[in-house]
Enquirer: 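Starting off with a structure, shown below.
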Amino acid sequence: AVSLEMEDGPAVLGVTRDITGRKLAEASSAKLTAIVEATSDFVGISDMQGRLSYLNRGGRKMMGIPPDEDISSTCMDDYHPGQVMDMIRSDAIPTALRDGSWSGETTLRTRDGREIPVSQVILAHRGKKGEPEFFSTIVRDISERKHHEAELVYLANHHPLTGLPNRVKLTQILMEV
């Protein structure tokens with residue numbers, strides 16, 4: 001603001017800028033961040049070389065990583081068993097780069113070595129010039145579903161009271177011999 005002397009007394013000259021759009025965008029961004037941090041799913045962001053730059057609270061809990069630990073020196077290889085990373089490199093990433101996204105079932109490896117079956121989506125994000133800039137992923141633990149599927153397969157092939165193979169299973173075993 002600039003003070004001025006006018007004929008009828010002092011005046012102030014000022015410039016204002018409407019920042020409503022910026023404030024609305026900031027509020028929207030804060031809501032999105034709150035949603036991503038509240039989900040129990042693993043949500044991560046990596047650069048094109050696979051180095052992580054972000055991992056939400058749910059992902060840190062799933063992997064056994066403390067909330068305040070710096071993850072910038074970790075990469076996708078640190079979160080998946082070797083054979084899964086091979087598939088991600090050979091199939092998932094090329095598909096995400098070509099189509100924008102890939103989804104499928106993979107496995108995460110936690111800090112303590114446990115393997116968790118997951119449903120995973122990998123997204124390739126492009127800049128204004130169309131060049132790939134980074135990847136994001138959303139991963140959901142499907143351990144409980146896999147456990148129930150295994151129970152159903154067992155029940156379909158074994159007598160419910162004795163636990164012995166039923167006719168379907170015996171026939172399958174005999175066909176394999």
Side-chain angles (χ1 to χ4, degrees), residues 21 24-158 168-169 172 176:
L24 290 172
E26 288 172 0
S28 180
S29 180
K31 286 178 185 175
L32 182 57
T33 299
I35 291 167
V36 169
E37 283 298 318
T39 185
S40 60
D41 291 341
F42 174 121
V43 179
I45 299 172
S46 75
D47 64 17
M48 297 306 293
Q49 289 71 44
R51 288 184 302 265
L52 260 68
S53 59
Y54 172 78
L55 183 58
N56 74 330
R57 196 175 7 232
R60 287 172 179 272
K61 183 176 179 185
M62 193 181 295
M63 300 304 296
I65 299 172
D68 57 344
E69 184 175 316
D70 179 17
I71 49 102
S72 64
S73 64
T74 66
C75 61
M76 286 191 277
D77 296 63
D78 298 322
Y79 298 87
H80 293 283
Q83 75 277 13
V84 173
M85 257 333 289
D86 292 343
M87 184 278 301
I88 288 173
R89 280 192 195 93
S90 67
D91 183 38
I93 289 175
T95 300
L97 288 170
R98 183 186 66 240
D99 301 338
S101 68
W102 172 89
S103 64
E105 290 185 7
T106 64
T107 305
L108 288 179
R109 185 183 57 234
T110 65
R111 285 265 173 98
D112 62 8
R114 289 180 303 113
E115 292 192 359
I116 302 171
V118 295
S119 172
Q120 182 168 7
V121 176
I122 297 174
L123 303 167
H125 299 268
R126 297 184 179 278
K128 291 182 180 182
K129 295 180 181 178
E131 292 296 314
E133 289 189 347
F134 65 94
F135 293 107
S136 66
T137 189
I138 303 167
V139 181
R140 175 162 288 171
D141 182 343
I142 58 172
S143 298
E144 189 174 332
R145 188 185 93 199
K146 288 293 188 181
H147 175 74
H148 290 303
E149 287 174 1
E151 281 182 343
L152 287 174
V153 168
Y154 181 84
L155 290 173
N157 292 297
H158 294 81
V168 173
K169 184 67 175 176
Q172 180 185 2
E176 292 173 3

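Computation of the quantities below employed the complete heavy-atom set of this structure, encompassing side-chain atoms and omitting hydrogens, waters and symmetry-equivalent molecules. Each residue takes its place number in the sequence, starting with 1.
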Enquirer: Measure across G130 and R126 and return the closest heavy-atom pair with its distance rounded to 0.1 Å.
Expert: O-NH1, 2.9 Å
Enquirer: Treating R109 as the side-chain partner and H80 as the backbone partner, does any N or O pair qualify as donor plus acceptor under 3.5 Å?
Expert: yes
Enquirer: If you look at every heavy atom in S103 and V121, which pair is closest and at what distance?
Expert: CB-CG2, 3.9 Å
Enquirer: Measure from the side-chain N and O atoms of R57 to the backbone N and O of V36, and report whether any donor-acceptor pair falls under 3.5 Å.
Expert: no
Enquirer: For E144, does the CD atom have more than 12 heavy-atom neighbours from other residues, nucleotides or ligands under 6.0 Å away?
Expert: no
Enquirer: To the closest 0.5 Å, what do you measure between CZ (R51) and CG (D77)?
Expert: 11.5 Å
Enquirer: So, does D41 use its side chain to make a donor-acceptor pair with the main chain of I138 at under 3.5 Å?
Expert: no
Enquirer: Would you say R60 has more than 12 foreign heavy atoms packed within less than 6.0 Å of its CZ?
Expert: yes
Enquirer: Measure the spacing between CD1 of I122 and CG of D91 and express it to the nearest 0.5 Å.
Expert: 9.0 Å
Enquirer: Do L55 and E69 make a side-chain contact, defined as non-hydrogen atoms from C-beta onward lying under 4.5 Å apart?
Expert: no
Enquirer: Find the distance between CD (E131) and NZ (K129) and round it off to the nearest 0.5 Å.
Expert: 9.0 Å
Enquirer: Atom CG of D78 and atom CG of L108: how far apart are they, to the nearest 0.5 Å?
Expert: 12.0 Å
Enquirer: Below 4.5 Å, heavy atoms only, C-beta onward: do R145 and E105 meet side chain to side chain?
Expert: yes
Enquirer: For residues I71 and S53, report the shortest heavy-atom separation together with the two atoms involved.
Expert: CD1-C, 3.9 Å
Enquirer: Should E149 and I142 count as side-chain neighbours, where that means a heavy-atom distance under 4.5 Å?
Expert: no
Enquirer: Check ring pair (Phe, Tyr, Trp, His ring centres under 6.0 Å) between F134 and all other residues, then give those that pass, not counting sequence neighbours.
Expert: H125
Enquirer: For the pair N157 (side chain) and V153 (backbone), establish whether a donor and an acceptor sit closer than 3.5 Å, ignoring hydrogens and angles.
Expert: yes
Enquirer: Do Y79 and T137 have side chains that get closer than 4.5 Å, going by heavy atoms?
Expert: no
Enquirer: Nearest 0.5 Å, what's the CG-CG distance between D68 and D70?
Expert: 10.0 Å
Enquirer: Okay, side chain of S101, backbone of A96: is any donor-acceptor separation there less than 3.5 Å?
Expert: no
Enquirer: Quick one: ring pair (Phe, Tyr, Trp, His ring centres under 6.0 Å) partners of H158, sequence neighbours excluded?
Expert: Y154
Enquirer: Which atoms form the tightest heavy-atom contact between E115 and P81, and what is the distance?
Expert: OE2-CG, 3.5 Å
Enquirer: Please determine if K61 and D141 form a salt bridge, counting it only when a charged side-chain N lies under 4.0 Å from a carboxylate O.
Expert: no
Enquirer: Going from OG1 on T107 to CD on Q83, what distance comes out if it is rounded to the nearest 0.5 angstrom?
Expert: 7.0 Å
Enquirer: Can you name the nearest heavy-atom pair linking Q120 to W102, along with the distance?
Expert: O-CZ3, 3.7 Å
Enquirer: For the residue pair L52 and C75, what are the closest heavy atoms and their distance?
Expert: CD1-C, 4.1 Å
Enquirer: Any side-chain heavy atom of I93 within less than 4.5 Å of one from M76?
Expert: yes
